[in-house]
Amino acid sequence: MKKFLLLVLIIFSTGIVLYFIPITQGKTYIIKSNFDNTLSSLNKPANWEKWHPFVRTLSAKDFKTFQCMRDSLTHSFRFLNSPDSMVVKAINPLLYNVEQYNERSISSYAYQIIPSSSTNSITIRTIEKVPLLSYLFALPGENKGNESVLALKAFLENEKAFYGYNIQIEKVRDTVFAVTTLTISQNDLFKTLPKEFSRIDTYIKEKNLIQKNFASVSYNPTGDSLELILGIPVNKFATGNKDIKCVNIPKGRMLTGNYRGKFGEREKIYETFRKYTHDHYLEDVG
């Protein structure tokens, strides 16, 4: 009996010793995203709220008391929701130390961005201090660095999550449009559109054409005015009539996305389109 108790004591004491012996482990991850997007996800505090699991739980607990405090002298920022908190210190633009605190545990790890020659992928290495016991037996609740970098990977590789819109590249389906062009005051936009599209509808009927898809509006703001191109896709080409005519649109690909919000704030999705084309090395041709 004494031998058994001694054995239990030895095992228990060994477990305690192993738990309090820290070791540093590292693991690398390939993320299908470019360098700029990966860097912006780490060096801007507001972006951590979009992907980091612990920060997201802080804001979800009580958004009214959740704060992000930034120290510009050391380029560090803290996410607070007492008694839980997380401190991020940017050692340099490519290395970020993280200390994560809650009522039950403390985690310490780092992210290291490793630039590569690839334009569409980036390598991130996690460096984490864990108890030797956890390293040997893979105890649950540890490896917070690996857990969080997987969340970053999922965020960056999900285009709807990262860009905020369900952007897709589609083939141009409509290649013939009945169009009219005009310049108007910005204040007259909404009363002008129904009248002009009614005129195009009349042209389509006169030419025995068939509308194939949604009407479109292209605009170019010039001071207080708008240069408009209004068009309706039709089934075939026809001769022009006064200031309405048919035009051919080149076949190719186009970006599409759904925007829901205020009309005056629609520029947000166009800005996202421009970033998407830049990130994916596409050329804007129209």
Which pair of non-hydrogen atoms, one from [X] and one from [Y], has the smallest distance, and what is that distance?
X	Y	answer
L156	S41	CD2-OG, 3.5 Å
L58	L80	CD1-N, 4.4 Å
N208	K236	O-CE, 4.0 Å
G145	T126	O-CG2, 3.7 Å
Y203	G240	OH-CA, 4.0 Å
K144	S107	CG-OG, 3.1 Å

Between N34 and D279, do the side chains contain an N or O donor and an N or O acceptor separated by less than 3.5 Å?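 A donor-acceptor contact under 3.5 Å links the two side chains.
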
Would you kindly confirm whether [X] and [Y] end up in one hydrophobic cluster when ILVMFWY residues are joined by side chain heavy atoms under 4.5 Å apart?
X	Y	result
L193	V179	no
Y29	I114	no
V176	I229	no
F237	F177	no
V217	M254	no

Sub-4.5 Å side-chain heavy-atom contact between [X] and [Y]:
X	Y	result
W51	N158	no
Y109	N146	no
P45	V88	no
N248	T175	no

Strictly distance-based, threshold 3.5 Å: is any side-chain N or O of [X] a donor or acceptor partner for the main-chain N or O of [Y]?
X	Y	value
Q186	T222	no
W48	V55	no
N47	S40	yes
N213	P233	no
R56	K50	yes

[X] atom [atom1]: more than 12 heavy-atom contacts under 6.0 Å:
X	atom1	answer
K275	NZ	yes
H280	NE2	yes
D224	CG	no
N220	CG	yes

Roughly how far, to the nearest 0.5 Å, is the [atom2] atom of [Y] from the [atom1] atom of [X]?
X	Y	atom1	atom2	answer
F273	L282	CZ	CG	12.0 Å
I113	F35	CD1	CZ	5.5 Å
K44	F77	NZ	CZ	11.5 Å
M86	E99	CE	CD	11.0 Å
K207	C246	NZ	SG	8.5 Å
S85	F54	OG	CZ	6.5 Å

Quiz item: Please walk me through it: do L182 and T192 pass side-chain contact (heavy atoms from CB on, under 4.5 Å)?
Solution: CA-CA 10 Å; L182 65 158; T192 299; 3.8 Å; yes

Verdict with supporting geometry, N120 and Y281, side-chain contact (heavy atoms from CB on, under 4.5 Å):
CA-CA 10 Å; N120 58 4; Y281 303 95; 5.8 Å; no

>> Parallel, tilted or perpendicular, judged at 30° and 60°: which one describes the rings of F155 and F162?
In response: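 Plane angle over 60°, so perpendicular.
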
On the 0 to 90° scale, with breaks at 30° and 60°, tag the H52-Y111 ring pair as parallel, tilted or perpendicular.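 Ring orientation, 0 to 90° scale: perpendicular.
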
Item to check | Within residues 157-184 or reaching into it, pairs that qualify as salt bridge (charged side-chain N to carboxylate O under 4.0 Å, His left out) - sequence neighbours excluded | outcome: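 Qualifying pairs: K153-E157, E170-R173.
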
Looking at E271 and K268, is there a salt bridge between them, counting it only when a charged N and a carboxylate O are closer than 4.0 Å?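 Salt bridge flag = no for E271 with K268.
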
- prompt: Given L255 and I169, is the side-chain contact (heavy atoms from CB on, under 4.5 Å) satisfied, shown in steps?
  reply: CA-CA 5 Å; L255 286 183; I169 298 178; 3.5 Å; yes

By side-chain contact (heavy atoms from CB on, under 4.5 Å), which residues pair with I200, not counting sequence neighbours?
->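 If we apply the side-chain contact (heavy atoms from CB on, under 4.5 Å) test to I200, skipping adjacent residues, the hits are A178, T180, F197, I204, L230, I232, I244.
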
- Looking at residues at least two apart in the chain, or sitting in another chain, which of them share a side-chain contact (heavy atoms from CB on, under 4.5 Å) with S198?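 S198 satisfies side-chain contact (heavy atoms from CB on, under 4.5 Å) with no residue once adjacent residues are dropped.
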
Discussion item. Apply side-chain contact (heavy atoms from CB on, under 4.5 Å) to residues I184 and Y219 and explain how you reach the verdict.
Written reply: CA-CA 10 Å; I184 63 169; Y219 67 94; over 6 Å; no

